[in-house]
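To start, the structure itself, in structure tokens.
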There are 2 protein chains.
Amino acid sequence: MSRVVYGRLMSVDRTQVLRAAAALLSRKATATMDEVARAAGIGRATLHRHFAGRDALVRALEQLGIEETEAALEAARIEEGPADEAVRRLVPALQPVAPLLSFLVTENQLFEGDGQNEGWARLDARLVALFRRGQEEGAFRIDLTPAWLCEALYGLIGSGAWAVADGRVAANDFSYMITELLLGGARRSVEK
Amino acid sequence: MSRVVYGRLMSVDRTQVLRAAAALLSRKATATMDEVARAAGIGRATLHRHFAGRDALVRALEQLGIEETEAALEAARIEEGPADEAVRRLVPALQPVAPLLSFLVTENQLFEGDGQNEGWARLDARLVALFRRGQEEGAFRIDLTPAWLCEALYGLIGSGAWAVADGRVAANDFSYMITELLLGGARRSVEK
DNA sequence: TCCACGTGAGACATAAATGTCTCGCGTGGT
DNA sequence: ACCACGCGAGACATTTATGTCTCACGTGGA
């Protein structure tokens, strides 16, 4: 496990540590700092030098998750084109972030204080706007609120990530299963 | 806060304690035994007398959740009638258990050991059978696997419980939002 | 009235994770 | 070759949750 040159000499790559932490905590949310350090291939003291404590680590993961999710929204250009097509682009773009995202949404500690990250509100606003746009375009039904569709998307992303990690769904089917269920539902439609 | 007579003298109602614990842990999964005891209105020592430790408490909650979920499957008679109608009966029947269920599914500790409760397998089998039956009846599409539909149902139940607890969805809309999305999806169908 | 029993409160010990510190080492730059 | 810097390992103190115990109290039954 080689490390990337950071500044002038060999040092820990912060992002790489965060990715390892995300991978571990997605599977075991109660993992200790020691386990996180070992999973990242660094010493516990070093982990502490970079993140003042467990809380700081979770906050950093939150920031990373928000940034990568926003990057996925950008990559999927969700503000462009028909809303249903935007959703079809969005879900696969979110797949790499899905485990981290499902960890963060269950970390309710992040949402109860008064200093909650405004990134969630930004994400929610864009997703809600997407679903509302779909309704205005006549593509989405209006009896399901945009807020609920947004929440359901999070839930399905989490379920999908879990099902893939558990081997009940193939990674290649992740996007299809989520997109088709979210857009078309389970009922067999007559026009198909 | 009166207690129910249990046996010969006034004592703690185990089920009532479990319900209080479920209500608290659904909102704050990392609540301590002391917080659980206070939420149940009993002393910490008494909580310990009834449940040997935190693990035993979680196991008891697991058992309760499984039993109530199975009771919901019974009440909804999911093996009878058309599959889509069975789903429409099932979701509202699951609503009271939804918070507890969403807590349990995120408690991954329950699923990694070798002594996992066989109740989950029973539940999965019945739900998978329900979705498979729907496919065989021609009511459900066959490109979404029953296992995925089962997983998605869990996810939507969890999202719904969370959205209701957070005030983003009215409790009265819980069943409708979940059922309609699961069965019909977000897309506006031409026949409606 | 008296007794038995479960409870609440609190003291106490234990376990485990956290946070801090020191020190030796090796890399990479000078 | 030398030096500066960050890292790993480990010791240590602290904090927090857990688990156990004792004891006084009050209810409910005899």
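Convention: sequence-line order gives letters A, B, ...; per-chain numbering from 1. All of these numbers come straight from a predicted model, not from anything done at the bench.
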Nearest-Å distance, CG (Asp34(A)) to C1' (dG19(C))?
13 Å
Hey, are Arg88(A) and Asp84(A) close enough for a salt bridge, meaning a charged N less than 4.0 Å from a carboxylate O?
no
Under a 4.0 Å heavy-atom cutoff, the residues of residues 24-33 of chain A touching DNA chain C are Thr32(A), Met33(A)
Check whether Thr106(B) reaches the backbone of Phe103(B) with its side chain - one donor and one acceptor, N or O, closer than 3.5 Å.
yes
Give the rounded distance in Å between these two atoms: CZ of Arg14(B) and C1' of dG6(C).
16 Å
Let me know, please, whether Glu35(A) or Arg49(B) comes out on the 5' side of the other along DNA chain C by nearest nucleotide.
Arg49(B)
Counterpart residues, side-chain contact (heavy atoms from CB on, under 4.5 Å), relative to Ala20(B) (two or more places apart):
Ala40(B)
Could you check, using the six-membered ring where one of them is a Trp, whether Phe111(A) and Trp120(A) have ring centers closer than 6.0 angstrom?
yes
Residue that, paired with Pro146(B), satisfies side chain to side chain contact (heavy atoms under 4.5 Å, CB included) out of Val128(B), Leu130(B), Leu127(B):
Val128(B)
To the nearest Å, how far apart are Arg44(B) CZ and dA11(C) P?
12 Å
Between atom CZ in Arg38(B) and atom P in dG8(C), what is the gap in whole Å?
12 Å
Rounded to whole angstroms, how far apart are CZ on Arg54(B) and P on dT18(D)?
6 Å
Spacing between His48(B) atom NE2 and dA11(C) atom P, to the nearest angstrom:
18 Å
note: Leu47(A), atom CG; dA9(D), atom C1'; distance rounded to Å ~ 15 Å
Does the pair Arg132(B)/Glu136(B) count as a salt bridge with the N-to-O cut at 4.0 Å?
no
Report yes if at least one side-chain N or O of His50(B) is closer than 4.0 Å to OP1 or OP2 of dT7(C); otherwise report no.
yes
